[in-house]
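Below is one structure; the comments refer to it alone.
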Amino acid sequence: MKRKVLVLGATGNTGAYLTEYLVERLDGAKWEVVAAGRRSTDFFDRYGIDYVQVDISDARTFESLPDEGVYGIVFLAGLLPAYMDGYHPEDYIRTNSLGALNVFEYARRVGADRVLYAQTISDVLGAVSPEHPLIHPDDARNIIMTGDHTVYALSKCLAVDLLRHYRAEYGIKDFVFRLPTVYAYTPDKYWHVNGERRILGYRLIMDRAMAGMPLEVWGDPKRSKDVVYVRDFCQLLYKALVADGVDGGMYNVGTGVGTTTEDQIKGIAEVFSPKGRECEIVYRPEKPSGPSYLMDIGNARSELGYEPEYMYLDYLADFKKEMILNRFADLRR
């Protein structure tokens, strides 16, 4: 029997890339990829794989999922502040916590070997600062207890604790991936900040670059953060799926390299400016500085064989190519 890999949240930004990544790399004679998500779509027909419409907060919808041969579950489904119109904290608990319990019960019932879960960097941000930017995989939780991300972070932490319980009680391998922003092209340039719809900052800068307009460097130009591209996250998930002799653990998603605000803006100018007319760079030190964090990926390297392939300019070049191709446009309909 083939080993089935279930991708929950396959219609999301990472899920679509991951499904394609897995189909291209897993031996079709030994593995079968099944996609699942909330949307109604025929998008995955192009890959010749089954798609199941599932709402993780409603356990009844799981009856449509495979009931045998499920080896791994990649759990990307969930509710994020970036997609919440207004503020409804109960929805985080319903989707991210109760939904996680439904997923883990399904994993137990079908005898899955492992679950790969996407955790948020918000679980440790209370201890991160420009003076102490390095985030280790085993850092203790330090959630910022004010703001619209708090209940979100709490709901995700409960899911992680539930998964650890299912590992201890039922032997399900628990691979947890702590995510900063994972950059991936999507036709939708908007998100929500404190419940209000706004354009993504980096997409606005790309648009300005393509129009040949001046680009601004806000705050401290040397403030740096770890910029990770979706294809490197897909690589990490793939390697966790096929890893032998590893029972799981907490892994940071990143490159291990900080990119300064100045280099971020200059990179966008280099890649997206009109040909032969690179945008002017304007420094605005009076504006707020960007976030500062760096992901320690040591155990991802040593245990899973992960090695980032997309540094900052590589990400921008591939992002621009995906923007032109717009391959995932019909997922947003």
Side-chain angles (χ1 to χ4, degrees), residues 78 80-82 84 87 89 92 96 117-161 176-183 191-196 198 200-205 215-229 232-233 236 249-268 281-301 306 308 310-312 315:
L80 284 72
M84 180 176 282
Y87 182 59
Y92 290 131
N96 297 339
Y117 182 70
Q119 167 65 310
T120 170
I121 194 176
S122 297
D123 72 329
V124 295
L125 281 183
V128 176
S129 68
E131 296 74 31
H132 303 283
L134 186 60
I135 298 173
H136 302 282
D138 57 354
D139 280 349
R141 285 178 185 158
N142 198 318
I143 299 171
I144 298 172
M145 288 296 175
T146 57
D148 72 318
H149 277 54
T150 301
V151 176
Y152 165 67
L154 292 169
S155 71
K156 297 287 284 185
C157 286
L158 176 54
V160 170
D161 289 343
V176 180
F177 298 90
R178 181 182 286 121
L179 304 179
T181 300
V182 174
Y183 292 86
W191 66 342
H192 287 79
V193 178
N194 294 321
E196 296 182 1
R198 298 181 186 176
L200 286 159
Y202 71 94
R203 293 295 296 272
L204 176 61
I205 297 168
L215 306 183
E216 295 182 350
V217 178
W218 282 22
D220 180 358
K222 301 305 179 183
R223 182 76 62 87
S224 69
K225 70 176 183 178
D226 202 324
V227 179
V228 58
Y229 190 42
D232 275 334
F233 184 30
L236 189 49
M250 176 71 80
Y251 302 91
N252 284 334
V253 178
T255 64
V257 176
T259 302
T260 66
T261 302
E262 182 178 44
D263 285 341
Q264 290 172 47
I265 302 303
K266 286 183 174 180
I268 290 175
I281 305 296
V282 179
Y283 291 83
R284 299 292 302 275
E286 77 280 6
K287 293 288 189 178
S289 296
S292 181
Y293 56 81
L294 184 65
M295 311 301 284
D296 173 2
I297 58 172
N299 67 335
R301 280 180 158 133
Y306 168 68
Y310 290 83
M311 295 297 107
Y312 187 67
Y315 135 62

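Below, each value reflects all heavy atoms present in this structure, side chains not excepted, and no hydrogens, waters or symmetry copies.
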Inset, instruction - Measure the spacing between CG of Leu179 and OG1 of Thr120 and express it to the nearest 0.5 Å. - result: 7.5 Å

Inset, instruction - Taking all non-hydrogen atoms of both residues into account, name the closest pair between Leu215 and Ile205 and its distance. - result: CD2-O, 3.7 Å

Legend entry - Short side-chain to backbone donor-acceptor contact, Asn299 and Met250, under 3.5 Å: yes

Inset, instruction - Measure the spacing between OH of Tyr251 and CD1 of Ile297 and express it to the nearest 0.5 Å. - result: 13.0 Å

Inset, instruction - Without swapping roles, check the side chain of Thr255 against the backbone of Pro308 for a donor-acceptor pair under 3.5 Å. - result: no

Inset, instruction - Locate the shortest heavy-atom distance separating Pro291 from Lys225; write the atom from each residue and the value. - result: O-CB, 3.8 Å

Legend entry - Value rounded to 0.5 Å, distance of CG in Asp296 from CG in Leu134: 5.5 Å

Legend entry - Any donor-acceptor N/O pair, Arg223 side chain to Gly290 backbone, under 3.5 Å: yes

Inset, instruction - Taking Asp226 for its side chain and Gly256 for its backbone only, find out whether a donor-acceptor pair lies under 3.5 Å. - result: yes

Legend entry - Side-chain donor/acceptor of Arg178 to backbone N/O of His136, under 3.5 Å: yes

Inset, instruction - Name all residues meeting the ring-ring contact (aromatic ring centres under 6.0 Å, His included) criterion together with Tyr306; count only those two or more places apart in sequence or in a different chain, and write none if there are none. - result: none

Legend entry - Criterion side chain to side chain contact (heavy atoms under 4.5 Å, CB included) on Thr261 and Trp218, from CA distance to verdict: CA-CA 8 Å; Thr261 302; Trp218 282 22; 5.7 Å; no

Inset, instruction - Would you list the pairs meeting salt bridge (charged side-chain N to carboxylate O under 4.0 Å, His left out) in which at least one residue belongs to residues 129-145, sequence neighbours left out? - result: Arg141-Asp161

Inset, instruction - Could you list the residues that satisfy ring-ring contact (aromatic ring centres under 6.0 Å, His included) with Tyr315, not counting sequence neighbours? - result: Tyr183, Tyr229, Tyr312, Phe319

Legend entry - Side-chain (Asn252) to main-chain (Met295) donor-acceptor, under 3.5 angstrom: no

Legend entry - Shortest non-hydrogen contact from Asp220 toward Ser289: N-OG, 2.9 Å

Legend entry - Approximate separation, where rounding is to 0.5 Å, of Ile281 CD1 and Glu216 CD: 10.0 Å

Inset, instruction - Decide yes or no on side chain to side chain contact (heavy atoms under 4.5 Å, CB included) for Met84 and Tyr92, but give the supporting numbers first. - result: CA-CA 10 Å; Met84 180 176 282; Tyr92 290 131; 3.4 Å; yes

Legend entry - Asp232, Leu236, Thr181 screened by side-chain contact (heavy atoms from CB on, under 4.5 Å) with Val253, the one that passes: Leu236

Legend entry - Straight-line distance of Leu125 CG to Ile135 CD1, nearest 0.5 Å: 6.0 Å

Inset, instruction - Could you give me the CA-CA distance, side-chain angles and deciding distance for Gln119 and Cys157, then say whether side chain to side chain contact (heavy atoms under 4.5 Å, CB included) is met? - result: CA-CA 8 Å; Gln119 167 65 310; Cys157 286; 3.6 Å; yes

Legend entry - Greater than 12 external heavy atoms within 6.0 Å of His132's NE2: no

Inset, instruction - Give a yes or no answer on whether the side chain of Ser292 reaches the backbone of Pro133 with a donor-acceptor pair at less than 3.5 Å. - result: no

Inset, instruction - Please answer whether the main-chain N or O of Ile143 pairs with a side-chain N or O of Ser122 as donor and acceptor at a distance below 3.5 Å. - result: no

Legend entry - Interatomic spacing from CG in Leu294 to OG1 in Thr259 - rounded to 0.5 Å: 9.5 Å

Inset, instruction - Inspect the contact between Asp123 and Lys156 and indicate whether a charged nitrogen and a carboxylate oxygen are less than 4.0 angstrom apart. - result: no

